Amino acid sequence: MKKFQFRLEQVLQQRIKREEATLLEQARAEQECDRCQRELAASERKLEEALQAATAFVRPDEQMQSLIYREHLQQVIARQRRLLQRSQEILQLRQAATMKARQERMVLEKLKEKKFREYQELEMYLEQREIDELAALRFGRG
């Protein structure tokens, strides 16, 4: 009997590649999310430092610069929060895509396993039949 060959092997390989690609996209989205979180935390630290330093300024021009700087930091923080939220949404989409690709791959892998078991059962059946025929021939010769 010929060697086992899964007819959908090329499709399975394509699905494996698609899953790997979605995993890469998910990793990039995670990195972007982490970067946004680090930048937001850094800006919030700067704002906290600016608020603490603002009490030390006595001259009006220093107080005005400090106020402008704090307002700028607040705008930066608001923008970074929006970017973080967007990157988290993208990450969720990438995770869903990865999960879907994994499920599609697993369906084909299970089908391949089932077909391989069927192939093995058929091979065992044919082998047993051949053994039985040989035994019958020997018995008949007697």
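Position 1 is the first residue of the sequence; numbering continues from there. Every heavy atom of this structure was used, including side-chain atoms; hydrogens, water molecules and symmetry mates were not. It should be emphasised that the depicted structure is a prediction, and the values quoted were computed from it without experimental measurement.
- Side-chain atoms of Q14 and Q10, non-hydrogen and from C-beta on, never get closer than 4.5 Å to each other.
- Although no hydrogens or angles enter the test, the distance criterion places a donor-acceptor pair under 3.5 Å between the side chain of T55 and the main chain of Q52.
- F4 places a side-chain heavy atom less than 4.5 Å from the side chain of K115.
- Summarising the geometry, atom OG belonging to S43 is positioned 11.5 Å from atom CD belonging to Q74; distances are rounded to the nearest 0.5 Å.
- In the hydrophobic clustering of this structure, L40 groups with L73; members are Ile, Leu, Val, Met, Phe, Trp, Tyr whose side-chain heavy atoms approach within less than 4.5 Å, directly or through other members.
- In summary, R81 and E44 engage in a salt bridge, as defined by a charged side-chain N under 4.0 Å from a carboxylate O.
- Using modelled atom types and a 3.5 Å distance limit, the side chains of Q65 and D61 yield no donor-acceptor pair.
- Looking at heavy atoms from C-beta onward, R94 lies out of side-chain contact with R28 at the 4.5 angstrom threshold.
- What you find for Q26 and T98 is that their closest heavy atoms are OE1-OG1, 2.9 Å.
- Remark: side-chain polar atoms of S66 are not paired, donor with acceptor, to backbone N or O of E62 under 3.5 angstrom.
- Residues Y119 and L8 fall within the same hydrophobic cluster, defined by Ile, Leu, Val, Met, Phe, Trp and Tyr side chains chained together at heavy-atom separations under 4.5 Å.
- Expressed to the nearest 0.5 Å, how far OH of Y125 lies from CD of E130 amounts to 12.5 Å.
- Remark: E127 CD is loosely packed, at most 12 non-hydrogen atoms of other residues, nucleotides or ligands lying under 6.0 Å away.
- Two different hydrophobic clusters hold L12 and L23 under the rule that ILVMFWY side chains link at heavy-atom gaps under 4.5 Å.
- Between T22 and R102 the shortest side-chain heavy-atom distance does not fall below 4.5 Å.
- Q80 is not listed as a side-chain neighbour of L84, based on a closest heavy-atom distance of 4.5 Å or more.
- Judged by distance alone, the side chains of E9 and Q5 never bring a donor and an acceptor atom under 3.5 Å apart.
- Atom CD of Q85 sits about 11.5 Å away from atom SG of C36, to the nearest 0.5 Å.
- Under the 4.5 Å side-chain heavy-atom criterion for ILVMFWY residues, a single connected hydrophobic cluster contains both V11 and F116.
- Here the closest non-hydrogen pair linking F6 and L108 is CZ-O, 3.9 Å.
- Atom SG of residue C33 and atom CG of residue L83 lie 11.0 Å apart, to the nearest 0.5 angstrom.
- Shown here for R70 and L51, the closest heavy-atom pair between the two residues is CD-CD2, 3.3 Å.
- Between E104 and R18, the closest side-chain pair of non-hydrogen atoms falls below 4.5 Å.
- Remark: of the listed residues Q37, Q31, E39, E39 is the sole one forming a side-chain hydrogen bond (donor to acceptor under 3.5 Å, both in side chains) with R35.
- Taken to the nearest 0.5 Å, the CG atom of L134 stands 12.0 Å off from the CZ atom of R129.
- No donor-acceptor pair closer than 3.5 Å links the side chain of E32 to the backbone N or O of S87.
- Looking at K110 and K114, their side chains never come closer than 4.5 Å, going by heavy atoms from C-beta outward.
- With hydrophobic clusters built from ILVMFWY side chains whose heavy atoms lie under 4.5 angstrom apart, L111 does not share a cluster with M106.
- Put simply, CZ on F57 and CE on M64 are 13.5 Å apart, with the number rounded to the nearest 0.5 Å.
- With respect to the salt-bridge test (charged N to carboxylate O, under 4.0 angstrom), the residues R105 and E109 qualify.
- You'll find the side chain of L67 reaches within 4.5 Å of the side chain of E71, heavy atoms only.
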